[in-house]
Amino acid sequence: MKPCQHTQAQNSDPSLEAVNAWPVNIGTAARLSGISPKMLRHYESLGLLGTVTRTDSNYRQYSLADVHTLRFVRRSRDMGFGLDAIAELVSLWHNRRRSSASVKRIAQKHRDELSQRIEALQAMQRSLDSLLHLCPGDGRPGCPILDDLSHP
């Protein structure tokens with residue numbers, strides 16, 4: 001998946017500029033990207049980073065481009081994208097010949113899925129609001145909430 005193009009803003013990140021020597025070990029790459037080493041290994045196993053170089057002692061060595069990719073993955077996860085969509089987005093991000101239509105299609109699908117989930121959650125909230133209104137919340141055992149939950 002390498003090489004990767006980055007904007008000036010990405011390259012001028014103070015936390016990345018503080019690194020004296022690249023490549024870096026897994027702990028440093030994890031810290032700089034804001035993910036755990038365990039998740040970093042997981043993303044690597046899924047092929048989101050491409051081939052990560054290793055030392056003669058078999059320690060992973062991460063480049064600046066790898067850390068940028070990990071930050072991209074973290075931000076994508078923060079936005080709720082699934083791993084399949086993230087893999088596709090990473091591939092598009094690294095592909096300078098991509099069409100923005102491909103990226104927009106993925107983002108639109110995710111947005112539509114989020115809208116459906118939000119509608120479902122709002123419907124659940126309305127049902128709970130109704131049940132809470134019906135429940136006296138006193139010392140008696142009768143409870144409309146439990147009655148409703150007991151019916152399929």
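Since this is a predicted model, take the numbers as computed values, not measurements.
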Working note: Y43 + L83, criterion side-chain contact (heavy atoms from CB on, under 4.5 Å); need CA distance, chi angles, decisive distance, verdict. CA-CA 9 Å; Y43 295 150; L83 289 173; 3.9 Å; yes
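- In this structure, D66 CG and L48 CG are separated by 11.5 Å, a value rounded to the nearest 0.5 Å.
- Contact of the V67 side chain with the W22 side chain is registered, since non-hydrogen atoms from C-beta on lie closer than 4.5 Å.
- To the nearest 0.5 Å, atom OG of residue S91 and atom CZ of residue R98 are 10.0 Å apart.
- Residues F81 and V103 share a hydrophobic cluster, clusters being chains of Ile/Leu/Val/Met/Phe/Trp/Tyr side chains in contact below 4.5 Å.
- Atom CZ of R54 has more than 12 heavy atoms from other residues, nucleotides or ligands within 6.0 Å.
- Within the structure, side chain to side chain donor-acceptor pair (under 3.5 Å) contacts touching residues 137-152 (residues at least two apart or in different chains) are D138-R140.
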Identify every side-chain donor-acceptor pair in residues 32-42 under 3.5 Å, counting partners at least two apart or on other chains, and give the distances.
unit_1 : atom_1 : unit_2 : atom_2 : d
S33    : OG     : A29    : O      : 2.7
S33    : OG     : A30    : O      : 3.2
S36    : OG     : M39    : N      : 3.0

Can I get a per-line list of side-chain donor-acceptor pairs under 3.5 Å for residues 116-130, giving both atom names and the distance, sequence neighbours left out?
unit_1 : atom_1 : unit_2 : atom_2 : d
S127   : OG     : A123   : O      : 3.2
S130   : OG     : R126   : O      : 3.2

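- For the atom pair L92 CG and H94 NE2, the distance stands at 10.5 Å (nearest 0.5 Å).
- Between C135 and C143, the shortest heavy-atom distance links the atoms SG-SG, 3.8 Å.
- Minimum interatomic distance between I86 and S76 (heavy atoms only, all atoms of both residues): CG1-CB, 3.6 Å.
- The side chain to side chain contact (heavy atoms under 4.5 Å, CB included) search around S57 returns T55, Y59, not counting sequence neighbours.
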Residues 105-112 side chain polar contacts: donor-acceptor under 3.5 Å, at least two apart:
unit_1 : atom_1 : unit_2 : atom_2 : d
R105   : NH2    : E88    : OE2    : 2.8
Q108   : NE2    : D112   : OD1    : 2.9
H110   : NE2    : M79    : O      : 2.9
R111   : NH1    : S115   : OG     : 2.9

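- Here the closest heavy-atom approach between residue G82 and residue R77 is recorded as CA-NH1, 4.0 Å.
- The distance from the OG1 atom of T53 to the CZ atom of R60 is 11.0 Å, given to the nearest 0.5 Å.
- Qualifying side chain to side chain contact (heavy atoms under 4.5 Å, CB included) partners for R31, counting only residues two or more places apart in sequence or in other chains: T28.
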Which is it for Y62 and E44 under the side-chain contact (heavy atoms from CB on, under 4.5 Å) test, yes or no, and what are the steps along the way? CA-CA 11 Å; Y62 297 93; E44 181 184 343; 2.9 Å; yes
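- Within a 6.0 Å sphere centred on CG of D78, other residues, nucleotides and ligands contribute more than 12 heavy atoms.
- Side-chain contact between L89 and F72 is present, with heavy atoms from C-beta onward closer than 4.5 Å.
- L134 and I145 fall into different hydrophobic clusters, where Ile, Leu, Val, Met, Phe, Trp and Tyr residues are linked whenever their side-chain heavy atoms come under 4.5 Å apart, directly or through other members.
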